[in-house]
Amino acid sequence: MAGEIVDVHHQEKGEKRCAVVRQFSAPGAIVPLPVTAPGNLQCPLEFWVQSGASEKTPLLSKVPLPPKGDILISAGSLVPKDDPIKGKDVDEEYKEETTCTIACQVFIPFMIAGFGTVAAGLLLDIVQNWNVFQEVPEMFVLVPALLGLKGNLEMTLASRISTLANLGSIDTSREQWRMAVGNVCLLQCQSLVLGLIASAFASVVGWIREGELNFHNVLLLATSSLVTASAASFVLGSITIFVVVFSRKININPDNIAAPIAASLGDVVTLALLSFISRYIFTRSGQYIWVEAAVLILLLSLIPFWAVLSYRNIYTRQVLYSGWIPIISAVAISSGGGYILNFAVARFKEIAACQPVINGVGGNLVAVQACRISTYLHQKAMPGLLEPSECCVSPFVAWLGKNVHARTCRILIIIAIPGHLIFITCVHFLKSTYTPLTAEFLIFYLIAAILQVALLLYMAHCFVHWLWKWGFDPDDAAIPYLTAFGDLVGTGFLLVAFVAMDAVAAV
């Protein structure tokens with residue numbers, strides 16, 4: 001393999017398109033810096049090529065060699081090593097969006113996604129009184145973890161394929177279908193694993209609370225979680241892929257709309273599936289226990305099947321290797337938010353309706369920012385080559401600076417204020433138990449919400465640049481951590497806001 005590059009796209013057209021090309025350390029060879037080949041920086045396969053440099057980077061040692069049988073292209077087709085961009089001049093192609101363009105493209109999907117979170121909040125306000133949620137409080141622990149799947153999986157998918165679309169790598173029908181099939185299989189594999197982990201965490205919480213392990217509750221949590229995760233990921237993943245491909249065709253930047261639209265139905269669909277499936281199983285608990293066990297075993301046995309299909313697809317093979325730590329860590333963080341919610345609803349019933357709204361809005365906005373920064377870096381920079389000052393900036397630079405990311409940050413914060421006012425007003429007047437909408441509530445809620453959004457956008461700026469600096473793809477790792485941390489911080493801030501309102505009312 002030394003001295004050659006593998007072409008993974010469009011064999012019949014003879015196009016030289018491949019990912020970051022890296023060194024293959026043959027016996028006696030020196031391991032150099034990665035270089036960039038013509039075509040797609042975001043392609044999931046990464047290959048090695050021999051040269052004479054001597055530097056090492058954290059990128060080396062992550063990916064196996066390519067499979068046998070791929071097409072070989074001579075190393076002479078590489079762009080010069082001092083050229084950090086792909087074979088064409090990205091600066092000429094890249095058009096900086098105006099403030100009005102960004103605001104218009106973000107605002108409509110954001111509002112659609114926001115009303116999805118309103119619907120989820122209203123639904124949670126209703127189902128919290130169902131027997132299954134009253135008798136098995138661990139269901140509240142599952143809620144943030146499963147709702148967080150849209151951040152761990154669907155928004156990550158949106159970021160990943162939005163970058164592919166912006167780089168022109170899935171402009172043909174053939175590549176679109178390959179990308180779609182591979183990513184749906186990958187989502188099934190990941191969602192089942194994450195659903196199992198979330199149910200295990202919820203079962204442990206119940207074990208600690210009751211002092212004993214209830215087998216029927218464990219089976220209920222596991223079956224409900226896996227069926228919900230699998231069905232929701234299939235539906236939402238398919239919608240996300242369609243949105244990205246369609247937005248590319250009509251010349252709209254998918255980074256601005258894919259993540260919010262993916263989230264618009266995510267919360268309410270996932271929560272509805274979880275609620276109705278768990279209630280159905282709970283009402284028949286003990287009668288058809290063998291059916292529950294059979295469904296659980298079937299779903300678990302499908303994990304290797306989905307993994308094999310994902311491995312055989314060029315668009316998902318790399319993610320299958322490197323994408324587990326971010327999403328598993330994100331589930332653990334989101335489950336912490338679920339533990340806070342489990343504690344909070346016991347004291348403040350009204351918090352159930354507000355929790356999906358504050359976390360959904362924060363997650364949508366930080367996903368847009370992370371997608372935009374990631375695409376910018378893929379278009380304008382080379383992995384691992386950033387100044388340290390770009391990775392860690394002060395909050396004032398991230399919020400009030402003159403660069404394009406700070407401008408987008410200000411737009412998103414400004415959008416969040418009227419958005420939150422509209423959403424929380426709708427929730428307040430439509431929820432099942434009406435209480436007066438007071439000025440104190442709006443003030444404390446807005447403070448909690450804006451602090452959460454500002455903190456997440458600052459984290460997105462630093463974290464995405466830090467991932468790029470150390471050679472990790474932000475499309476795979478950034479959004480799971482950011483949305484999960486948003487769930488944790490948002491639920492915590494919301495609880496603090498309710499405690500503060502309670503203290504003010506007592507004075």
Side-chain angles (χ1 to χ4, degrees), residues 105-128 142-159 187 191 228-229 231-244 246-247 254 256-276 334 337 341 351-369 371 412 415-432 445 449 452-453 456 479 482-484 486-487 490-491 494:
Q105 291 187 6
V106 170
F107 184 73
I108 295 176
F110 166 73
M111 293 301 293
I112 295 173
F115 285 114
T117 65
V118 169
L122 296 173
L123 181 59
L124 185 58
D125 183 55
I126 295 171
V127 303
Q128 68 173 328
L142 279 183
V143 170
L146 292 183
L147 296 190
L149 285 180
K150 74 177 189 302
N152 300 335
L153 302 181
E154 281 78 30
M155 285 186 177
T156 303
L157 170 67
S159 177
L187 285 180
S191 64
T228 299
S233 291
F234 176 77
V235 173
L236 299 174
S238 301
I239 293 174
T240 302
I241 293 170
F242 172 78
V243 167
V244 171
F246 183 72
S247 63
N256 292 335
I257 67 171
I261 289 182
S264 62
L265 295 175
D267 286 339
V268 67
V269 168
T270 304
L271 184 57
L273 286 170
L274 176 64
S275 303
F276 286 101
S334 294
L341 180 63
I351 207 170
C354 303
Q355 188 265 353
V357 176
I358 190 171
N359 289 347
V361 170
N364 294 342
L365 294 178
V366 76
V368 170
Q369 181 75 331
C371 287
L412 297 178
I415 288 175
I417 296 173
H420 267 299
L421 287 173
I422 294 171
F423 302 145
I424 203 62
T425 302
C426 291
V427 166
H428 210 79
F429 285 106
L430 295 177
K431 66 182 182 179
S432 58
Y445 176 83
Q452 181 218 29
V453 170
L456 289 178
I479 291 180
L482 293 170
T483 55
D487 289 344
T491 307
L494 193 60

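Here the structure is a predicted model, which means the values were calculated and not measured. The basis for the numbers below is simple: all heavy atoms, side chains too, and nothing from hydrogens, waters or symmetry mates.
- Of all non-hydrogen atoms in V268 and G116, the two that sit nearest each other are CB-O, 4.0 Å.
- Between the CZ atom in F107 and the CD1 atom in I112 there is a gap of 10.5 Å [rounded to 0.5 Å].
- Taking the side chain as every heavy atom from C-beta outward, V243 and P254 never approach each other to under 4.5 Å.
- A pairwise comparison of heavy atoms in S233 and L187 identifies O-CD1, 3.8 Å as the closest pair.
- Summarising the geometry of V118 relative to C426, their closest heavy-atom pair is CG1-CB, 4.1 Å, with the distance given to 0.1 Å.
- You'll find the side chain of C371 reaches within 4.5 Å of the side chain of I479, heavy atoms only.
- Note that the CG atom of L482 and the CG atom of L365 stand 12.5 Å from one another [nearest 0.5 Å].
- Residues passing the side chain to side chain contact (heavy atoms under 4.5 Å, CB included) test with I351, sequence neighbours excluded: L341, A344, V345, F348, L494, L495, F498.
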Quiz item: side-chain contact (heavy atoms from CB on, under 4.5 Å) between F234 and S191: does it pass, once the steps are laid out?
Solution: CA-CA 9 Å; F234 176 77; S191 64; over 6 Å; no
Quiz item: Going through the checks in order, is the side-chain contact (heavy atoms from CB on, under 4.5 Å) test met by V143 and L274?
Solution: CA-CA 8 Å; V143 170; L274 176 64; 4.2 Å; yes
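- A 4.5 Å side-chain heavy-atom check between L412 and V106 finds at least one atom pair inside the cut-off.
- Side-chain contact between M111 and I415 is absent, with no heavy atoms from C-beta onward closer than 4.5 Å.
- Distance CZ/F423 to OH/Y445: 9.0 Å, rounded to 0.5 Å.
- Considering every non-hydrogen atom in both A353 and V427, the closest pair reads CB-CG1, 3.6 Å.
- The heavy-atom pair separating A232 from T270 by the smallest distance is CB-OG1, 3.7 Å.
- Once rounded to the nearest 0.5 Å, the distance linking OG1 of T491 with CG of N359 reads 4.0 Å.
- Here Q452 contributes atom CD and H420 contributes atom NE2; the two are 6.5 Å apart, rounded to the nearest 0.5 Å.
- For the atom pair CG of N364 and CG of L456, the computed distance is 11.0 Å after rounding to the nearest 0.5 Å.
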Practice problem: List the steps and the verdict of side-chain contact (heavy atoms from CB on, under 4.5 Å) for F115 and I422. | Solution: CA-CA 9 Å; F115 285 114; I422 294 171; 4.0 Å; yes
Quiz prompt | Stepwise side-chain contact (heavy atoms from CB on, under 4.5 Å) test for S238 and F242 | solution = CA-CA 6 Å; S238 301; F242 172 78; over 6 Å; no
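- For I108, the CD1 atom counts as loosely surrounded, since its 6.0 Å shell holds 12 or fewer non-hydrogen atoms of other residues, nucleotides or ligands.
- Here the side chains of L142 and T228 are not in contact, with every heavy-atom distance at 4.5 Å or above.
- Shortest non-hydrogen contact noted between A229 and L146 is CB-CD2, 4.5 Å.
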